[in-house]
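Have a look at the structure below before the remarks.
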Amino acid sequence: MTKRRFAVWGLILALCTGTAGMTTVYAADKTISSVKLQIYTDLEVGDKIGDASIDIDSTTAPGGGIAISGSTDRYQIKEADWTTSSSKEITVGYQPELKIRLEVIDSDYAFKGTYRSSNVTVKGAEFVSASKSSGDLIIKAKLKPIKGTFEAPEDAYWKDNAKGTAKWEEPDNGGTGQYEVELRKGSTKIYTTETTSKTFNFYPYMTQAGTYTFRVRTIAKTSKQDDYGKNSEWVESDEIYLAKEDVSDGSGRNNNTSGGPNGNTNAGWRKYDNTWYYYYPDGSYVKNGWVEVGGRWYLFDASGRMLTGWQERNGQMYYLDASGAMITGWLSWNGRWCYMNETQDAYYGCLVRGHWLGKDGKTYYLDSVGYMAEGWNQVDGNWYYFYPGQGNKAVNTTIDTFYVNDQGVWVH
């Protein structure tokens, strides 16, 4: 064999053994079990996404932008970008979306293959998804609805050739689709109602001669909109004069003008005195029970008021979010994880307490309070180890020199 052939084979051997000036790469033997980020925002209605800056590792949002913090000694925020169109103008309730790239800085650690909402916490935003790319972790999140004042209707006027019929135009951005409209005679309020229409017949309430006006404003249509939006400014109509011979005899009017629940026969969600009710077409409304609306379950007390937060029914605990919808699946509470039953049976939505849970091929335990077990815990006389931050039971492995068998029981 010639020297040239020896040289070629030597190079091949060096490449295969990693001795040709190359560094041997070792896989990390530890994984990052959970990720926590905090987003601060200074975005306002009317800002454009393209003008909104993103500061990394800061707790102070720049004017018209956001800041993201959360780097640790194991990983750091590498970059963040908007996924929302840069030309999008922010409106009330809008939730801009962004992606955040995290990179590992401790070579002993690596990101896991999959992450979910139970081990990715994004305060100040809503977690959307997580995926790996070239060893980095890409987190997608959307900001909480931008707070502000709803846009007012474009115009308010009396319809021609239709005595007492009020009309208005919806806001440029469509608004909420819910309006409060009020009839006035001089400085006196005659009648107020809420409607999803852009027209209302006030004639049944115009029973006296004189000058009338009406005004209209955009209001929240859902309880969620009520959390982030304020009623718009009133838009005033021009005046209309009604002669004595043209006044209404009052037929067709709703005699209950108190604004209470009994006088409203419009089906669906209705809000009175900052409380939400749900009406049937016959004018009755849900009281002291559950109702399913749009695939979500809502709970109402004996007065018909929609409930939120923790609620007890028949010895079981349920959690209803700010919109009133019942939560199922994993729920973060007081810095710990709880599990609300997802099985659609008699206990659908109940807080799981003192039970084992099998989910996605893993086993968890919910203690007597309802918290997901973490670390070493004794259950039914046996000791088990539950991975902190994840909660799944360790099986057939050694934890800090203590062996747990294929059932997860500490063998000693």
Side-chain angles (χ1 to χ4, degrees), residues 44-46 88-96 126 142-156 166-183 191-202 214-235 254 256-287 290-301 303-309 320-327:
E44 296 181 350
V45 173
K88 174 68 178 178
E89 183 174 299
I90 296 175
T91 55
V92 180
Y94 184 61
Q95 295 183 266
E126 298 177 13
K142 58 183 179 181
L143 302 186
K144 292 183 177 179
I146 303 299
K147 294 185 177 181
T149 301
F150 296 126
E151 189 173 344
E154 283 296 296
D155 195 8
K167 284 187 63 66
W168 55 92
E169 305 297 331
E170 68 179 17
D172 285 340
N173 64 8
T176 65
Q178 186 83 5
Y179 306 95
E180 182 180 6
V181 59
E182 178 182 287
L183 176 67
Y191 182 71
T192 300
T193 189
E194 295 179 9
T195 179
T196 57
S197 176
K198 295 187 291 295
T199 182
F200 188 83
N201 180 18
F202 278 123
F214 77 89
R215 61 180 187 171
V216 59
R217 63 180 176 179
T218 307
I219 61 174
K221 186 176 183 179
T222 66
S223 57
K224 184 176 182 180
Q225 289 175 342
D226 192 53
D227 290 336
Y228 58 71
K230 297 180 180 179
N231 296 340
S232 76
E233 295 180 352
W234 289 101
V235 177
N254 178 359
N256 187 322
T257 59
S258 64
N262 291 327
N264 194 315
T265 58
N266 294 323
W269 291 105
R270 290 293 178 267
K271 184 182 180 185
Y272 301 99
D273 297 328
N274 292 320
T275 300
W276 287 93
Y277 300 82
Y278 189 76
Y279 286 83
Y280 293 119
D282 62 1
S284 63
Y285 54 100
V286 184
K287 291 187 289 186
W290 295 90
V291 68
E292 184 179 12
V293 182
R296 306 295 298 273
W297 284 92
Y298 300 83
L299 181 61
F300 299 82
D301 68 11
S303 299
R305 296 176 297 182
M306 184 194 77
L307 300 173
T308 61
L320 311 165
D321 66 17
S323 73
M326 183 184 75
I327 297 298

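Numbers here simply count residues along the sequence, with the first being 1.
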4.5 Å side-chain heavy-atom contact, S232 and P153: yes
Gap between atom CD of E154 and atom CH2 of W168 - 0.5 Å precision: 14.5 Å
Rounded to the nearest 0.5 Å, what separation is found between the OG1 atom of T222 and the CH2 atom of W276? 6.0 Å
With sequence neighbours excluded, residues passing side chain to side chain donor-acceptor pair (under 3.5 Å) with D321: S323
Determine whether W269 and Y277 make a side-chain contact, defined as any pair of heavy atoms from C-beta on separated by less than 4.5 Å. no
Just to verify, what does F150 make a ring-ring contact (aromatic ring centres under 6.0 Å, His included) with, not counting sequence neighbours? none
E233 meets the side chain to side chain donor-acceptor pair (under 3.5 Å) criterion, sequence neighbours left out, with none
So does L143 get a backbone contact from the side chain of Q95, meaning a donor-acceptor N/O pair under 3.5 Å? yes
Sorted by first residue and then second, give each salt bridge (charged side-chain N to carboxylate O under 4.0 Å, His left out) pair with at least one member in residues 221-232; sequence neighbours left out. D226-K271
May I ask you to decide if the ring planes of Y279 and Y285 are parallel, tilted or perpendicular, using 30° and 60° as cut-offs? tilted
Please name all residues satisfying ring-ring contact (aromatic ring centres under 6.0 Å, His included) with Y94, sequence neighbours left out, ordered by chain then number. none
Reported CD-to-CE distance for the pair E292 and M326, which is rounded to 0.5 angstrom: 9.0 Å
Of all heavy-atom pairs between V235 and A152, which one has the smallest distance, and what is that distance? CG2-CB, 3.8 Å
How far does CZ of R296 sit from CG of L320, to the nearest 0.5 angstrom? 10.0 Å
NZ (K144) with more than 12 external heavy atoms under 6.0 Å: no
Using a 3.5 Å cut-off and no angle test, enumerate the donor-acceptor pairs between side-chain atoms of residues 172-180 and protein atoms at least two apart in sequence or in another chain.
| from | atom 1 | to | atom 2 | distance (Å) |
| --- | --- | --- | --- | --- |
| N173 | OD1 | G175 | N | 2.7 |
| N173 | ND2 | E151 | OE1 | 3.2 |
| T176 | OG1 | Q178 | N | 3.2 |
| T176 | OG1 | Q178 | O | 3.4 |
| T176 | OG1 | I219 | O | 2.5 |
| E180 | OE1 | R217 | NE | 3.0 |
| E180 | OE1 | R217 | NH2 | 2.9 |

ring-ring contact (aromatic ring centres under 6.0 Å, His included) with W234: which residues, sequence neighbours excluded? none
So V293 and Y278, side chain to side chain contact (heavy atoms under 4.5 Å, CB included) or not? Walk me through it. CA-CA 9 Å; V293 182; Y278 189 76; 3.8 Å; yes
Where do T218 and P171 come nearest, in terms of heavy atoms and distance? OG1-CG, 3.9 Å
Could you measure the distance from the CG atom of L299 to the CG atom of L307? Nearest 0.5 Å is fine. 5.0 Å
Please report the C-alpha distance between Y191 and V181 in whole Å, then the side-chain angles of each, then the deciding distance to 0.1 Å, and finally whether the side chain to side chain contact (heavy atoms under 4.5 Å, CB included) criterion is met. CA-CA 8 Å; Y191 182 71; V181 59; over 6 Å; no
State which residues pass side chain to side chain donor-acceptor pair (under 3.5 Å) with E170; sequence neighbours excluded, sorted by chain then number. none
Sorted by chain and number, sequence neighbours left out, side-chain contact (heavy atoms from CB on, under 4.5 Å) with K167 holds for Y157, K159, T199
Could you work out, with ring-ring contact (aromatic ring centres under 6.0 Å, His included) as the rule, every residue matching Y228, not counting sequence neighbours? none
Validation row, ring centre Y298 to ring centre F300 under 6.0 Å: no
Shortest non-hydrogen separation from A220 to N231 and the atoms involved: N-OD1, 4.2 Å
Residues which pass side-chain contact (heavy atoms from CB on, under 4.5 Å) with V45, listed by chain and number, not counting sequence neighbours: V92, I146
D301 meets the salt bridge (charged side-chain N to carboxylate O under 4.0 Å, His left out) criterion, sequence neighbours left out, with R305
